[in-house]
2 protein chains.
Amino acid sequence: MKKKMTIKEIARELDVSISTVSKAMSNSSEISQDTIDKVQAFAKLYNYKPNNIALSLKNKKTKNIAVLIPEIVHHFFTMIISGIEHKANELGYNVIVCLSNESFDKEVINMETMANGSIDGFLLSLSKDTLLKKDFHHLREVINQGMPLVMFDRTTDEIYCDKVIIDDARASYNAIQHLIYSGCQRIALITTEDYISIGKLRTQGYVNALYDAGIPLDEDLIVKIDKDDELENKIKDLFDNQQFDAVFGVNELYAVVAMREAHNRGFKIPQEMSFIGFSDGILSKYAYPTLTTVIQHGFEMGEKAAKMLIDRLEKGDDDSSYRTEVIKTSILQRESTKPI
Amino acid sequence: MKKKMTIKEIARELDVSISTVSKAMSNSSEISQDTIDKVQAFAKLYNYKPNNIALSLKNKKTKNIAVLIPEIVHHFFTMIISGIEHKANELGYNVIVCLSNESFDKEVINMETMANGSIDGFLLSLSKDTLLKKDFHHLREVINQGMPLVMFDRTTDEIYCDKVIIDDARASYNAIQHLIYSGCQRIALITTEDYISIGKLRTQGYVNALYDAGIPLDEDLIVKIDKDDELENKIKDLFDNQQFDAVFGVNELYAVVAMREAHNRGFKIPQEMSFIGFSDGILSKYAYPTLTTVIQHGFEMGEKAAKMLIDRLEKGDDDSSYRTEVIKTSILQRESTKPI
DNA sequence: AGAGGCTGCGAAAACGTTTTAGTGTTGAGA
DNA sequence: TCTCAACACTAAAACGTTTTCGCAGCCTCT
């Protein structure tokens with residue numbers, strides 16, 4: 001086990017001062033070419049690499065950013081992380097991943113343990129719990145300490161900071177419009193409870209699209225899911241009690257499970273019943289039939305969020321000109337809807 | 001924006017020495033209760049938190065561990081990460097996620113940038129590229145520097161270190177046995193090329209199970225996939241040219257795609273044809289019909305790997321008594337196989 | 001009253017680096 | 001020969017901690 005080389009070691013071995021070594025390593029013009037060569041050769045030989053922690057302490061920069069998300073076992077979030085990691089690496093940053101598991105407490109703890117010098121900035125998507133509690137003091141605290149924070153996907157209006165979001169209302173509007181154009185009239189909606197901003201916005205898009213198309217809104221066609229374990233039963237209820245010719249699910253799971261129920265009940269898809277999901281995951285891609293879906297471009301969202309954070313870190317424009325970037329969605333037509 | 005509180009600040013404000021503050025914060029017996037109270041009250045008031053970087057430098061410990069994986073957009077890997085994160089957090093460590101994207105070069109670069117003080121140890125699953133090249137110098141280097149390394153899932157025999165693996169051969173043996181017990185005789189195998197140790201081992205389990213059951217091996221029933229984009233065609237070829245009553249896929253995607261092809265060709269599942277996949281992802285769960293699958297317990301694997309690494313970090317038993325832990329698999333019977 | 005032992009605190013080193021502000025030697029110009 | 005600049009290098013501070021050692025002052029024994 002080789003001992004770790006430090007500048008100090010090199011200085012001692014080469015019988016020069018610490019400062020000389022440091023400057024030689026950075027090709028400073030203060031140092032003679034002879035010395036530079038000597039030092040760099042020695043450093044290379046012994047595989048010297050500057051200690052990152054020492055650099056961080058000196059520069060007050062860690063080149064680390066934290067991304068705090070509710071869950072990692074979700075295609076959309078992993079795409080976002082991929083995007084973040086990709087962009088961050090490109091710009092010389094490392095990514096520390098923290099999971100809140102949808103818990104307010106864990107979100108707070110994670111932010112506190114990270115905010116003591118370990119990282120330069122935060123990338124955050126709020127937990128359900130936090131959204132419910134509407135308690136954002138931990139975000140305020142971090143921002144007050146001067147640590148940049150960029151929120152993505154699950155955000156709140158109560159905090160002023162950079163944000164990257166999907167235009168959920170529009171995306172959902174487009175999906176419904178797509179169904180209507182393809183000839184559907186009675187469109188069921190499977191969504192989340194309203195405290196998830198995403199569910200609320202997507203519901204709104206649904207409502208607006210129906211309105212603009214002159215189709216009356218039927219509340220009985222809207223199913224709100226709180227916990228995933230009630231999903232199947234609520235969908236069965238829907239099929240038992242209502243008639244409809246299309247289903248829009250605010251995520252791919254909802255759509256796929258509904259599609260399966262339709263399949264079991266002998267509906268022809270998409271001739272008798274059409275389906276659109278949200279978020280282009282593996283489920284949509286390999287469902288039977290394959291699911292038409294709203295693509296959220298998670299990778300791009302991650303890249304953009306990372307870029308916004310790092311820009312703020314490096315440009316340091318604290319002039320609170322916070323921006324909110326909207327990631328466009330698109331519809332990927334597959335087998336579960338009729339061609340327009 | 002509040003200025004960051006440091007020990008130095010507190011010392012100055014309270015007109016005591018730096019050492020006194022430090023000791024007071026840790027309730028040292030050297031300091032009078034009066035002073036302790038005074039210091040702690042002040043610290044709390046100004047929300048003092050010790051700077052992690054300074055601590056890292058002093059202690060030569062960062063309380064960070066890196067996990068380097070080939071891909072994050074995979075259910076199995078996200079489960080592993082969840083497990084790692086969970087255990088690491090429990091033990092007071094943060095997790096830095098690095099992605100190699102199956103590239104040897106990125107794996108090397110990631111390890112080098114991490115190994116300069118940023119982390120205390122590595123959790124690693126090898127990239128395909130590295131497995132192909134069989135070049136492990138970067139691992140040796142890291143180990144030589146005295147940095148603990150725990151490999152999981154995709155490992156190599158050429159490197160001595162702690163490992164956590166699935167007993168792939170046995171898992172696959174069990175799956176095939178399951179099919180045989182349920183009455184299947186001609187079982188197709190959809191696997192990866194042999195350089196992926198996982199594909200190789202699972203193939204071996206398949207071979208052994210057939211042998212032990214006295215079923216002759218038919219090489220034509222084995223399909224090897226290299227790139228995912230050739231998957232569908234190779235499966236179609238299989239259906240075109242061979243007859244069989246069961247399919248075992250070495251991951252869930254292979255099994256699901258094959259099942260879909262069977263579905264399209266009108267086979268009754270599982271009566272006429274059975275399917276088993278590997279790794280209990282979302283695809284298996286929501287496939288139609290739901291897919292019987294070998295559960296790998298990724299979360300547990302992550303937890304165990306994290307624990308092994310942290311144990312080594314804290315106990316510091318460098319006596320090279322490297323262990324290899326084997327995570328047991330189990331079979332989750334769903335709709336795609338006949339009950340035994 | 002002197003020796004010894006607590007008590008409560010401070011000075012300084014150490015972790016590994018960069019950077020600012022010198023310092024000594026050399027050579028050239030006056 | 002004196003001065004000044006250029007050159008090549010070094011000393012020391014700084015980043016924020018912890019920890020070892022030392023040192024007063026006071027008390028208690030004998």
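Bear in mind that the values here come from a model prediction, so they are computed numbers and not experimental data. Letters go in sequence order (proteins before strands), and every chain restarts at 1.
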For this session: Look at the side chain of B/I7 and decide which nucleotide, out of D/dT18, D/dC9, C/dC15, has an atom nearest to it.
Result: D/dT18
Problem set entry | No-hydrogen, no-angle side-chain donor-acceptor test under 3.5 Å, B/E107 and B/H138 | yes
Exercise. Of all the nucleotides listed (C/dC9, D/dG16, C/dT17), which has the minimum atom distance to the side chain of B/E30?
Worked result: C/dC9
Problem set entry | Side chain B/K58 and base D/dT17 donor-acceptor under 3.5 Å | no
For this session: Check whether any side-chain N or O of A/K23 sits under 4.0 Å from OP1 or OP2 of D/dA8, and answer yes or no.
Result: no
Exercise. Quick one: B/Q33 CD to C/dG8 C1', roughly how many Å, whole number?
Worked result: 13 Å
Exercise. Nearest-Å distance, CE (A/M5) to C1' (C/dT17)?
Worked result: 16 Å
Exercise. CD of A/E9 versus P of C/dC15: gap in Å, rounded?
Worked result: 10 Å
For this session: Just compare D/dT10, C/dT18, D/dC15 and give me whichever is closest to any side-chain atom of A/T20.
Result: D/dT10
Seminar exercise, completed: Taken to the nearest whole Å, CG/B/N27 to P/D/dT18 is 13 Å
Exercise. Counting any heavy atom closer than 4.0 Å, what does B/S22 reach on the DNA or RNA strands: base, sugar-phosphate only, or nothing?
Worked result: base
For this session: Could you state the atom-to-atom distance from CG of B/N51 to P of D/dA14 in whole Å?
Result: 17 Å
Exercise. B/I36 or B/N59: which one's nearest nucleotide on DNA chain C is closer to the 5' end?
Worked result: B/I36
For this session: Please determine if B/K63 and B/D120 form a salt bridge, counting it only when a charged side-chain N lies under 4.0 Å from a carboxylate O.
Result: no
Exercise. Would a distance-only check, ignoring hydrogens and angles, find a side-chain to backbone donor-acceptor pair under 3.5 Å from B/Q40 to B/A24?
Worked result: yes
Problem set entry | Side chain proximity check, B/I96 to B/I119, heavy atoms < 4.5 angstrom | yes
Problem set entry | DNA chain C: 5'-proximal contact among B/K60 and A/S19 (nearest heavy atom) | B/K60
Exercise. When we call it a touch if two heavy atoms are under 4.0 Å apart, what does B/I53 touch: a base, just sugar-phosphate, or nothing?
Worked result: nothing
Seminar exercise, completed: Between CD1 of B/I31 and C1' of D/dT19 the distance, given in whole Å, is 12 Å
Problem set entry | Whole-Å gap separating C1' (D/dT18) and OH (B/Y48) | 10 Å
For this session: Looking at every strand, decide which applies to B/S56 at a 4.0 Å heavy-atom threshold: base, sugar-phosphate, or nothing.
Result: nothing
Exercise. Side chains of A/S118 and B/N52: do they bring a donor and an acceptor to under 3.5 Å?
Worked result: yes
Exercise. Distance check: side-chain N/O of A/S26 vs OP1/OP2 of C/dT18, anything under 4.0 Å?
Worked result: no
Exercise. Can you check the B/D37 CG to C/dG8 P distance for me, whole Å?
Worked result: 13 Å
For this session: Could you tell me whether A/S32 contacts a base, only the sugar-phosphate backbone, or nothing, with contacts defined as non-hydrogen atoms closer than 4.0 Å?
Result: sugar-phosphate
